[in-house]
Participant: 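Before I ask anything, here is the structure I am working with.
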Amino acid sequence: MTDSPIPLLPRAFYDRSSVEVARDLLGKTLWRRTEAGLTAGIIVETEAYDGANDPASHAWRGQTQRNAVMFGPPGYAYVYFTYGMHYCLNAVTGPVGQASAVLLRAIQPSVGLDIMRERRGATIPDRDLARGPGRLCQALGITTTDNGADLAGDALWISETADAPDLIIVATPRIGITRAAERPWRFAVCDSRYISGRPVRSRDVQSTTP
DNA sequence: CATTTGATGTTCT
DNA sequence: GAACATCAAATGC
């Protein structure tokens, strides 16, 4: 056996604030293996939720049966069911008890697109396979069965990306929530067509110097 | 193009 | 009973 050419993210990567992890997950590769085969994509959009300090966080009002995984150690999956039909995948961050997490909102599919199409529908454009948190989970076959899964596991893991290009990253207000949405904790890869909503053009982001 | 609406079921109040 | 870290289809320009 030799070392994998594409290193897994170590647990220490997740043992930081959710905002830092959300930013640094952009450009990493999310992998998924099921009986259907291997699928993967480059993370292009994330959102941070800051535990008890964040009115939008599921952990804001304390621990419940649903959010228990958020209160555990970093580097595990928090998966929940919402709107009666969709699942959302988060990476738990920070130390035990902190209850922070990063919602994985979109990936650019890179491996197993045929499998994703089987799950999402044969006529779905590649761009829409995993553009949005619910679509991402459907494309990868993630459900609450995966709640609590190790993000360095055999069925679900996140690695560095081979030949990763430099990225321009932008922080924006969060999407799809009513409380504290204005906090600039949504992170996206500029110029990516694979984020939810409209692409953010890097030329629109340059700020201080005209 | 943008905006609105309906679907669907669990969780929490 | 209300809200929901959403999506796809329908409607309005």
Side-chain angles (χ1 to χ4, degrees), chain A residues 14 17-23 25-26 30 41 43-72 74 76-94 98-109 116-149 151 156 158 170-188 193-201 204:
Chain A
Y14 303 98
S17 78
S18 56
V19 171
E20 289 178 288
V21 174
R23 180 194 61 206
L25 276 174
L26 296 183
L30 173 64
I43 298 169
V44 292
E45 182 186 354
T46 61
E47 220 164 58
Y49 288 87
D50 188 21
N53 305 315
D54 182 357
S57 170
H58 287 175
W60 187 48
R61 295 174 186 269
Q63 184 168 344
T64 65
Q65 188 167 20
R66 177 177 66 161
N67 66 19
V69 174
M70 293 181 80
F71 288 78
Y76 289 84
Y78 167 50
V79 182
Y80 64 88
F81 181 68
T82 192
Y83 287 105
M85 57 189 92
H86 298 296
Y87 299 93
C88 290
L89 170 65
N90 297 256
V92 175
T93 71
Q98 173 102 0
S100 293
V102 174
L103 174 66
L104 301 182
R105 290 195 55 91
I107 61 173
Q108 174 177 341
M116 297 188 198
R117 264 181 231 112
E118 288 174 11
R119 294 176 176 138
R120 290 272 301 126
T123 63
I124 300 289
D126 288 355
R127 183 188 178 207
D128 292 338
L129 282 174
R131 190 167 68 96
R135 291 161 166 171
L136 183 156
C137 283
Q138 190 181 7
L140 298 183
I142 291 169
T143 71
T144 45
T145 302
D146 300 293
N147 188 39
L151 288 177
L156 192 61
I158 303 177
V170 62
T172 80
R174 297 183 289 184
I175 288 181
I177 56 177
T178 56
R179 293 182 294 239
E182 70 286 354
R183 299 188 189 184
W185 291 348
R186 170 180 177 253
F187 295 90
R193 303 171 53 247
Y194 295 91
I195 68 171
S196 64
R198 296 180 45 117
V200 180
R201 306 256 264 301
D204 295 336

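Numbers restart at 1 for each chain; the letters A, B, ... are given by sequence-line order, proteins then strands. Not measured: the values here are computed from a predicted model.
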Participant: If only side-chain N and O atoms of A:Arg131 are considered, is one of them under 4.0 Å from the OP1 or OP2 phosphate oxygen of C:dA8?
Facilitator: no

Participant: Apply side-chain contact (heavy atoms from CB on, under 4.5 Å) to the pair A:Ile43 and A:Leu26, showing each step before the final yes or no.
Facilitator: CA-CA 5 Å; A:Ile43 298 169; A:Leu26 296 183; 4.2 Å; yes

Participant: Does A:Arg120 have a side-chain nitrogen or oxygen under 4.0 Å from the phosphate oxygens OP1 or OP2 of C:dC7?
Facilitator: no

Participant: Under a 4.0 Å threshold between the charged nitrogen and the carboxylate oxygen, would A:Asp54 count as salt-bridged to A:Arg179?
Facilitator: no

Participant: Whether A:His58 contacts B:dT11 is assessed here as follows: a side-chain N or O lying under 4.0 Å from the phosphate OP1 or OP2. Is that the case?
Facilitator: no

Participant: Which is true for A:Ser196 with a 4.0 Å heavy-atom rule: it touches a base, it touches only sugar-phosphate, or it touches nothing?
Facilitator: nothing

Participant: Contact between A:Asp50 and A:Val19 at the side-chain level, heavy atoms closer than 4.5 Å - yes or no?
Facilitator: no

Participant: In whole Å, what is the span from the CZ atom of A:Arg61 to the P atom of B:dC12?
Facilitator: 11 Å

Participant: Sort out the partner of B:dA2 for me: Watson-Crick or G-U wobble, both distances under 3.5 Å, none otherwise.
Facilitator: C:dT11

Participant: Check the distance between C:dT6's P and A:Asp128's CG and give it to me in whole angstrom.
Facilitator: 16 Å

Participant: Rounded to whole Å, please give me the gap between CD1 in A:Ile124 and P in C:dT6.
Facilitator: 18 Å

Participant: Output the distance between atom CZ (A:Arg131) and atom CD1 (A:Ile124), rounded to the nearest 0.5 Å.
Facilitator: 10.5 Å

Participant: Determine the contact category for A:Gly134: base if any of its heavy atoms lies under 4.0 Å from a base atom, sugar-phosphate if only primed atoms, P, OP1 or OP2 are that close, otherwise nothing.
Facilitator: sugar-phosphate

Participant: Between B:dT11 and A:Thr64, is there an OP1 or OP2 to side-chain N/O distance shorter than 4.0 Å?
Facilitator: no

Participant: Mark this stacking check for A:Tyr49 against C:dA5 as yes or no, applying ring centres under 5.5 Å and ring planes under 30°.
Facilitator: yes

Participant: Tell me what A:Arg186 touches on the nucleic acid: a base, only sugar-phosphate, or nothing, going by heavy atoms under 4.0 Å.
Facilitator: nothing

Participant: Write down the distance between CE (A:Met85) and P (C:dA5), rounded to a whole number of angstrom.
Facilitator: 14 Å

Participant: Take A:Arg179 and A:Pro133, find for each the nucleotide of DNA chain C with the closest heavy atom, and name the residue whose nucleotide sits nearer the 5' end.
Facilitator: A:Arg179

Participant: By the 4.0 Å heavy-atom rule, please label A:Arg174 as base, sugar-phosphate, or nothing.
Facilitator: nothing

Participant: Measure CH2/A:Trp60 against C1'/B:dT11 and give the value in whole Å, please.
Facilitator: 16 Å

Participant: Ignoring the backbone of A:Thr178, work out which of C:dC7, C:dA5, C:dC4 is nearest its side chain.
Facilitator: C:dC4

Participant: Look at the side chain of A:Tyr83 and the base of B:dA7, then say whether one donor and one acceptor between them are separated by less than 3.5 Å.
Facilitator: no

Participant: Measure from the side chain of A:Arg105, starting at C-beta and using heavy atoms only, and say which of C:dT6, B:dG9, B:dA2 lies closest.
Facilitator: C:dT6

Participant: So, A:Arg120 versus A:Gln138: side-chain donor-acceptor pair below 3.5 Å or not?
Facilitator: yes

Participant: What nucleotide, of C:dC4, B:dG9, B:dC12, holds the atom closest to the side chain of A:Arg66?
Facilitator: B:dC12

Participant: Between atom CG in A:Asn67 and atom C1' in C:dC4, what is the gap in whole Å?
Facilitator: 14 Å

Participant: Considering only side-chain heavy atoms of A:His86, which listed nucleotide, C:dA5, C:dC7, C:dC4, is closest?
Facilitator: C:dC7

Participant: For A:Phe81 and A:Tyr87, take the angle between the two ring planes, folded into 0 to 90°, and tell me which bin it lands in: parallel under 30, tilted 30 to 60, perpendicular over 60.
Facilitator: tilted

Participant: Compare the minimum distances between each of B:dA2, B:dG9, C:dA5 and the side chain of A:Phe81, then state the nucleotide with the smallest one.
Facilitator: B:dG9

Participant: Round to a whole Å and report the spacing from OH of A:Tyr80 to P of B:dT11.
Facilitator: 13 Å

